[in-house]
Amino acid sequence: MGNYRSTRGSERKLRGAQAIIQGIAEDKGLYVPEEFPELPCKIEELTGKTYQEIAKVVIGAFFDDFTDEEMAHCVNSAYDEKFEAKEVAPLVKAGDAHFLELYHGKTAAFKDMALSILPYLLTTSLKKEKEDKKICILTATSGDTGKAALEGFADVDGTEIIVFYPNKGVSTVQERQMITQEGANTHVFAIEGNFDDAQTGVKKIFNDDKLAERLAAKGVKLSSANSINIGRLVPQVAYYVYSYVKLVEQGTIELGDKINIVVPTGNFGNILAGYYAKQMGIPVNKFICASNENKVLTDFINTGVYDIRRDFFLTNSPSMDILISSNLERLLYHLSGGNGEEIKGLMTQLETEKVYSVSDSIKEGLGDFYGGYADQAATNETIGSMYRENGYLMDTHTAVAYKVYEDYRKNTGDETVTVIASTASAFKFAESVADAIGVQEEDDCFRLLEILSKQTGVNIPKGLQSLDKKEIRHTGVIEVSEMSSTVENLL
Ligand SMILES: *Cc1c(COP(=O)(O)O)cnc(C)c1O
């Protein structure tokens with residue numbers, strides 16, 4: 001039976017459903033599988049299968065406390081017509097890479113891949129564990145998670161959802177998506193701080209035992225829709241398996257060939273899901289971790305020193321404007337051979353000294369990873385040249401990934417077939433993209449979407465159409481110090 005335990009050493013083991021409900025461990029660690037499940041069948045047996053079929057196999061292998069019927073219910077409810085592409089996650093060749101388009105869900109970013117299924121995984125878990133408390137989902141967002149979580153949990157029985165986003169730290173479209181959210185159980189606040197402040201604030205609320213007691217007395221339990229929740233991470237493993245199977249099906253690679261995976265990285269969740277896919281048996285050569293100017297991960301992969309004593313930049317790839325990448329803790333735990341004490345030490349150092357340095361053996365394990373970054377000017381140039389040369393439209397985050405990949409190829413000469421996680425629709429970052437491909441100037445962002453669509457022949461994702469005509473329902477702006485009391489007052 002697959003068990004989950006905390007990265008910080010607590011002995012307690014949980015079933016998958018319990019870990020999903022808890023969100024974050026009591027010792028502040030993150031839940032990780034005690035052992036990685038292997039794919040329960042040969043990769044060749046997955047060829048010809050749909051996204052849903054592959055997702056059932058992959059997610060079911062991690063959460064083997066779910067019955068096949070329960071897993072089928074979750075997967076089929078999540079990956080339905082909500083996705084505008086019938087393949088769910090099309091793999092598109094452009095330039096020197098294969099783009100795994102993860103943004104065809106309702107909110108036009110890859111967060112939909114996990115957040116369309118998380119509510120089903122959670123409600124099924126509650127039933128399985130006979131948990132009768134109301135669940136309140138707390139979410140810190142750098143722009144995309146918030147909307148995807150709101151869509152996933154809106155009007156789901158027995159849940160409330162509260163989202164905190166950095167005021168002026170998200171794109172115009174991202175903000176409008178969130179503040180127009182419908183649903184009686186949805187709550188959205190801008191905070192006077194950046195994403196790290198929002199995430200740290202949410203973690204603090206989770207770790208406030210007294211608050212948890214007071215909420216329990218009211219029949220409420222907190223959980224998380226951030227990638228600190230293992231229920232967020234595991235569904236993402238499925239699309240890496242899927243992309244490998246598609247490359248085999250197309251004849252681009254032979255079964256057993258290794259591929260490279262490039263991921264525009266913020267909180268390290270998406271790339272970690274790729275690493276989990278490798279642990280399940282998918283052949284991967286390198287994980288290329290792409291950052292923007294907030295390149296703390298690039299430096300870490302190159303030196304083994306994680307140092308957040310640096311300036312924080314607001315960039316045109318805002319969903320990656322992060323200095324504290326939560327899920328790195330999980331990777332370090334695995335690379336340490338499951339040494340919870342060591343990880344606890346590193347994380348405590350990060351809190352108190354804002355810097356830590358990993359052991360030689362962890363550093364060696366980082367050899368699977370290549371780190372690189374692209375600044376805003378290079379990102380814009382890459383969007384422009386890709387569009388001019390191949391007619392392919394990338395958003396700013398995906399462009400960071402592609403630029404770092406081009407640098408990697410140049411530096412290493414490695415020609416391995418490469419999958420790039422394409423994490424958002426270009427329309428979510430319309431101002432930057434329009435500028436990069438030389439679309440006429442237009443001050444009204446929503447008018448710009450239409451112009452961009454006309455010029456490129458790419459349709460505006462359904463979820464972004466007529467966004468400007470929707471009623472604004474959430475206007476709260478609060479200080480970071482008010483996050484906890486805001487939650488308690490709401491509940
Ligand atoms: C969230 C996000 C990222 C970063 O993903 P992580 O899992 O946090 O590393 C990259 N691009 C986009 C568009 C995102 O929304």
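We count ligands from 1, going down the list as the structure has it; atoms in each ligand are counted the same way.
Close contacts of ligand 1 with Thr265, meaning ligand atoms under 4.0 Å from a residue heavy atom, involve 9 (O). With ligand atoms numbered from 1 in the order given, ligand 1 contributes 12 (C), 13 (C), 14 (C), 15 (O) to contacts under 4.0 Å with heavy atoms of Asp144. Shown in contact with Gly269 at under 4.0 Å from a heavy atom are these atoms of ligand 1, numbered in order with element: 6 (P), 7 (O), 9 (O). Near Ala424, the atoms of ligand 1 lying under 4.0 angstrom from a non-hydrogen atom of the residue are 13 (C).
Within 6.0 Å of the CD atom in Glu182, the count of heavy atoms belonging to other residues, nucleotides or ligands does not exceed 12. Environment of NZ in Lys344: sparse, with no more than 12 heavy atoms of neighbouring residues, nucleotides or ligands closer than 6.0 Å. Heavy-atom neighbours of Lys28 NZ from other residues, nucleotides or ligands within 6.0 Å: at or below the threshold of 12. In Lys93, the NZ atom is crowded: over 12 heavy atoms of neighbouring residues, nucleotides or ligands sit closer than 6.0 Å.
Checked options Ile261, Leu335, Val237; the residue passing with Tyr275 is Leu335 (criterion: side-chain contact (heavy atoms from CB on, under 4.5 Å)).
In terms of protein heavy-atom proximity, atom 11 (N) of ligand 1 is closest to Thr423 OG1, 2.9 Å. From the protein, the heavy atom lying nearest to atom 7 (O) of ligand 1 is Asn270 N, 2.9 Å. Summary of contacts: the protein heavy atom closest to atom 4 (C) of ligand 1 is Gly266 N, 3.5 Å.
In this structure, Tyr276 and Phe62 have parallel ring planes: the angle between them is below the 30° cut-off, well short of the 60° mark.
Considering both main-chain and side-chain atoms, Met320 never comes within under 3.5 Å of ligand 1 through any nitrogen or oxygen pair. Inclusion of Asp395 in the set of residues having an N or O under 3.5 Å from an N or O of ligand 1 is not warranted. Residue contacts with ligand 1: Asn267 is placed with a nitrogen or oxygen under 3.5 Å of a nitrogen or oxygen of the ligand (distance criterion only). Taking only nitrogen or oxygen atoms, main chain and side chain alike, Ala109 does not reach within less than 3.5 Å of ligand 1.
Contacts between Tyr103 and ligand 1 below 4.0 angstrom, taking non-hydrogen atoms only, are absent altogether. Here Lys111 has side-chain heavy atoms under 4.0 Å from ligand 1, and that is the only part of it that gets that close.
By the 4.0 Å N-to-carboxylate-O rule, Arg447 lies too far from Asp468 to be salt-bridged with it. Under 4.0 Å is where a charged nitrogen must lie from a carboxylate oxygen, and between Glu87 and Lys246 no such pair does.
Ile362 approaches Leu332 most closely through the heavy-atom pair CG2-CD2, 3.8 Å.
At least one heavy atom of Pro264 sits closer than 4.0 Å to an atom of ligand 1.
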